[in-house]
Student: 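Attaching a single structure in structure tokens format; questions to follow.
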Amino acid sequence: MKYQVNEKGYYGDFGGAYIPEMLYPNIEHLRQQYLEIMQERQFQKEFQQLLKDYVGRPSPLFFAERLSEKYGTTIYLKREDLNHTGAHKINNTVGQILLAERLGKKRIIAETGAGQHGVATATVCALKGLECVVYMGEVDIERQAPNVARMKMMGAKVIPATSGSKTLKDATNEAMRDWINNPVDTHYIIGSVVGPHPYPDMVARFQSVISEETRKQLKEKTGSETPDHVLACVGGGSNAMGMFYHFLDDVDVNLIAIEAAGKGVESGESAATTLLGKEGVLHGSRSILMQTADGQVVEPYSISAGLDYPGIGPQHAHLFKVKRAKYVSITDDEAMQAGLLCARLEGIIPAIESAHAFAYLEKMKFSGNETVVICLSGRGDKDLDTYMRYFDL
Ligand SMILES: *Cc1c(COP(=O)(O)O)cnc(C)c1O
């Protein structure tokens, strides 16, 4: 429990709910209800059923034989790439849509950068027949046309954010504004373990199914529920939090979070938050974020849109500070090579986000036969253009 949120909404020094006063009633309503709703038998039954029949869970734990051979250790992949819509994000949106129904909400809003969370949200809104509005930066709408098309196909309205840099940060501001104006009928589905309390805890709980399944699957395959190392990439931190969740109290399990170093941590173009960041408030919670000396948020950069975020969730900030998990970073080039290697050795094309986690294998030293679990957070179909251009294939 010592790594979990306290009743005030904090993980050590991080977390809380730093929100405009006008959002207070919305957040307070959610805070009072979320645990009770999530623990209802009927809720759990419906959540588990949808995870099974709609998302396709449990996702397999795959023994990656040729990667294992290459690195001289035993490597398993947690196959979140096989989920409906191609990544882990659907675990959270399925949970939140059921919660929104029980809160009596009729309308869903979300923000999206690369469009992955927008797609996962549009998907569950279609499933449940709820109105869906997705805010997306004007620049991202142009860059991520296939995901915009998917959202539209499923009936979502995509509204361009035209202020500032016209990217994720601006879309988030627009979504907040919408929620303030529509507090009664609208639920805001946040896509990672970020935002004001209770979002980081709620999203982590929905994603914790990843490590819950992994323990059972490891037990079947190896006789032990715990591996030596658990690796996951970190944007906001939701696939990593889901992958770490049920291992937090097993102190012998090495938890390794991989951030995007972009063109290099010294290059001024990266998203290596723990290395470059300082404590501060971003998107409603106190955490670690990349900022200038006078507190302006620095524009992050990564070749993978999903890791291109200037902060990390508050629980990660805590795990970093108390050193329960290790935070490292991987460059664009290292991630791209690891993505190609995985494709060639295993016949699996990982999302470039996930490829960052694979790349860290190159930097590890194994003594004898250790067990490694990597969260394969998503599939690389969305990244094929980037891979093709990078490798000139
Ligand atoms: C969005 C995304 C991520 C990053 O988000 P987290 O909240 O850090 O998990 C990682 N991998 C994939 C495939 C994604 O779509």
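Whatever order the structure lists ligands and atoms in, that order sets their numbers, starting from 1. All residue numbers in this chain count up from 1 along the given sequence.
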Student: Which other residues end up in the same hydrophobic cluster as L307, if Ile, Leu, Val, Met, Phe, Trp and Tyr are linked when side-chain heavy atoms come under 4.5 Å apart?
Tutor: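 Members other than L307 - counting any ILVMFWY side chain reachable under 4.5 Å - there are none.
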Student: Any protein N/O atoms within less than 3.5 Å of an N/O atom in ligand 1? List the atom names and distances, or say none.
Tutor:
{"from": "ligand 1", "atom 1": "7 (O)", "to": "S192", "atom 2": "OG", "distance (Å)": "2.6"}
{"from": "ligand 1", "atom 1": "7 (O)", "to": "G237", "atom 2": "N", "distance (Å)": "3.3"}
{"from": "ligand 1", "atom 1": "7 (O)", "to": "S238", "atom 2": "N", "distance (Å)": "2.8"}
{"from": "ligand 1", "atom 1": "7 (O)", "to": "S238", "atom 2": "OG", "distance (Å)": "2.7"}
{"from": "ligand 1", "atom 1": "8 (O)", "to": "G235", "atom 2": "N", "distance (Å)": "2.7"}
{"from": "ligand 1", "atom 1": "8 (O)", "to": "G236", "atom 2": "N", "distance (Å)": "3.2"}
{"from": "ligand 1", "atom 1": "8 (O)", "to": "G237", "atom 2": "N", "distance (Å)": "2.7"}
{"from": "ligand 1", "atom 1": "8 (O)", "to": "S238", "atom 2": "N", "distance (Å)": "3.4"}
{"from": "ligand 1", "atom 1": "9 (O)", "to": "H88", "atom 2": "NE2", "distance (Å)": "2.9"}
{"from": "ligand 1", "atom 1": "9 (O)", "to": "S238", "atom 2": "N", "distance (Å)": "3.4"}
{"from": "ligand 1", "atom 1": "9 (O)", "to": "S238", "atom 2": "OG", "distance (Å)": "3.2"}
{"from": "ligand 1", "atom 1": "9 (O)", "to": "N239", "atom 2": "N", "distance (Å)": "2.8"}
{"from": "ligand 1", "atom 1": "9 (O)", "to": "N239", "atom 2": "ND2", "distance (Å)": "2.9"}
{"from": "ligand 1", "atom 1": "11 (N)", "to": "S377", "atom 2": "OG", "distance (Å)": "2.8"}
{"from": "ligand 1", "atom 1": "15 (O)", "to": "K89", "atom 2": "NZ", "distance (Å)": "2.7"}

Student: Between the side chain of H356 and the main-chain N/O of C233, is any donor-acceptor distance below 3.5 Å?
Tutor: no
Student: Ignoring hydrogens and geometry, is there a side-chain-to-backbone donor-acceptor pair from E346 to R66 under 3.5 Å?
Tutor: yes
Student: Can you list everything that forms a salt bridge (charged side-chain N to carboxylate O under 4.0 Å, His left out) with E80? Sequence neighbours excluded, please.
Tutor: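 With sequence neighbours excluded, E80 shows a salt bridge (charged side-chain N to carboxylate O under 4.0 Å, His left out) to R57, given in chain and number order.
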Student: To the nearest 0.5 angstrom, please state how far the CG atom of D381 sits from the OH atom of Y387.
Tutor: 10.5 Å
Student: How would you list, by chain and number, every residue that makes a side-chain contact (heavy atoms from CB on, under 4.5 Å) with L384, sequence neighbours excluded?
Tutor: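 Scan of L384 (side-chain contact (heavy atoms from CB on, under 4.5 Å), adjacent residues dropped) gives I349.
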